[in-house]
Structures are given as C-alpha cells and as structure tokens.
Student: 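Please see the structure below; I have some questions.
Residue numbers begin at 1 in each chain, while the letters A, B, ... track the order of the sequences.
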Protein chains: 2
Amino acid sequence: MSITHLQSFVAVAEEKHVGRAARRLHLTQPPLSRHILALEDELGTRLFERTRQGMRLLPAGEVFLHHARRILAEVDTAVLTVRGLAPRESDG
Amino acid sequence: MSITHLQSFVAVAEEKHVGRAARRLHLTQPPLSRHILALEDELGTRLFERTRQGMRLLPAGEVFLHHARRILAEVDTAVLTVRGLAPRESDG
DNA sequence: TGTCTTTACGCTCATCGTAAGCATG
DNA sequence: CATGCTTACGATGAGCGTAAAGACA
C-alpha cells in the first residue's frame, strides 16, 4: 500500500470512472486500474462494483474512503506543518 | 513521500541510529539513510542532527514524528477495519 | 583507527504507456 | 459497434545491496 494508491482510490471514488480519474491524475487508465486492483487485493475485498457506466463504491469502499481521505489530509498537514517550521534557504 | 519513508523515519527516530533501525527494518544502512535524506529534502528542513553516536531529533523532527506515528496508526486502522468487513474466501 | 553516515554503482523489481482483450448493451 | 475496465508486454525509473568514501574524535 502506498500514498499513491490512496490518492488513486479517492480519485476513482469521486469520479466514479477510471478514465476521468486517470486524466485528473495525469495518468492513463491501465496503471490506475492496477492501483485499485492492488488495493483490493491487499485489503482482501472488493472496494468497487464495476457497472456499465463505471465504478460504484461498495460498502467496504465507502468505509475505506473515509480512512483514505483522513490519511491523505494528515499527510498534507504533516508536510505543511513541518514546512512551516523550516528555515528558508534565504535565511541561511 | 511514501509510507515506507514514514516507517523508516519513525524507526530511526526511536533507535537514534541508522544501523540499528536498518536491522530492525530488515534493511541495510544506505537505503535507510537515503529515505531520511529524501524526506528531509522533500520537507525542506533537517529532521535529525547527526552526532558522534548517531541521529538525534531536531525540533522539526519531533513535530514530524507525532504526525508520522499518527499517519501510520491510521493506515493500520484503515487496513484492519476494511479487512474486518471483508468476506472471507471460505465464506464464498 | 574506529564508528557512523553518505555517495557510487550495478542490478533487480516495480510501474508506466501502448496495444490488445474482454464484457456489456 | 461503442464504452469502459483489465491483461500483455516492452521500456523506463525507483530502490536495494555491496563497496568505497567522507566526517569526526
């Protein structure tokens, strides 16, 4: 599992469509699809239902979405916080 | 930034020593050292002070340690939670 | 010289993108 | 056919480990 996988998952969950999510992430469909499959494999359960129009979250996916968003938000916070403490290069 | 980097950072912070942390992570020193350097580079600030005995956390590192532990804990929780919802293979 | 961390470097494995395959209406 | 996800496959890039190189007392 990687942060990239989580970002991919959230994008697909929001777009409900691998192709659109891929464009949003500046990626092509296949790697993004593989991210989702790898995640499902690692978690031991399906996160999406594959429909005619695209991808719809299953209950396990909904649960995981909350966690994923929270993790990504904390990663953001961590980076911004520490960057806020960083001495700028121009300060020496 | 990756989850692996966070795990490496926490291990080094706890062991205060790249060599020991590397053994704990079943890794050799160089890649682990590179993880820390990459993290410092990405965050734009030093996280450790290099001392004669090893590595000591700087203030920015202490702050980041809290965040890192929290993120890793949430990742764990996310995985366990969703795995708990997973239909087991033996259940069909 | 001894103890650590870091850099160099070759190799392996992971991951990307193009192209082809599969499923559905 | 049209649309959308997945698998195949060659090529690039990230990451490991061994070995060598700083840094410091």
Student: Using atom CZ of Arg23(B) as one end and atom C1' of dC4(C) as the other, report the distance to the nearest whole Å.
Tutor: 12 Å
Student: What's touching nucleotides 7-13 of chain C from the protein side, N or O pairs under 3.5 Å?
Tutor:
none

Student: Round to the nearest Å and state the distance from Ile3(B) atom CD1 to dA14(D) atom C1'.
Tutor: 17 Å
Student: If only side-chain N and O atoms of His35(A) are considered, is one of them under 4.0 Å from the OP1 or OP2 phosphate oxygen of dC16(C)?
Tutor: yes
Student: Just the rounded figure in Å: distance from P of dG25(C) to CZ of Arg50(A).
Tutor: 16 Å
Student: Main chain of Gln29(B), side chain of Ser33(B): is a donor-acceptor contact present, judged purely on distance under 3.5 Å?
Tutor: no
Student: Check whether Glu49(A) reaches the backbone of Leu58(A) with its side chain - one donor and one acceptor, N or O, closer than 3.5 Å.
Tutor: no
Student: Between atom CD in Gln53(A) and atom P in dA23(C), what is the gap in whole Å?
Tutor: 19 Å
Student: Checking the side chain of Glu15(A) only, and the main-chain atoms of Arg20(A) only, is there a donor and an acceptor separated by less than 3.5 Å?
Tutor: no
Student: Just call it for Arg52(A): base, sugar-phosphate, or nothing, with non-hydrogen atoms closer than 4.0 Å on any strand.
Tutor: base
Student: Mind checking side-chain hydrogen bond (donor to acceptor under 3.5 Å, both in side chains) for Glu40(A) and listing every partner two or more places apart, or none if nothing turns up?
Tutor: Arg46(A), Arg50(A)
Student: Determine whether the aromatic ring centres of residues Phe64(B) and Phe48(B) are separated by less than 6.0 angstrom.
Tutor: no
Student: Over all heavy atoms of both residues, which pair between Val79(A) and Leu43(B) is shortest? Give the atoms and the distance, please.
Tutor: CA-CD2, 3.9 Å
Student: Nearest-Å distance, CD (Glu42(A)) to P (dA14(C))?
Tutor: 14 Å
Student: Salt bridge or not between Glu42(A) and Arg83(B)? Use side-chain N to carboxylate O under 4.0 Å.
Tutor: no
Student: Tell me the interatomic distance from Leu27(A), atom CG, to dC5(D), atom C1', rounded to whole angstroms.
Tutor: 15 Å
Student: CG of Leu39(B) versus P of dG15(D): gap in Å, rounded?
Tutor: 12 Å
Student: In this structure, how many angstroms lie between the P atom of dT18(D) and the CD atom of Gln29(B), rounded?
Tutor: 12 Å
Student: Looking at the side chain of Met55(B), which of dC5(D), dT18(D), dT5(C) is the nearest nucleotide?
Tutor: dT5(C)
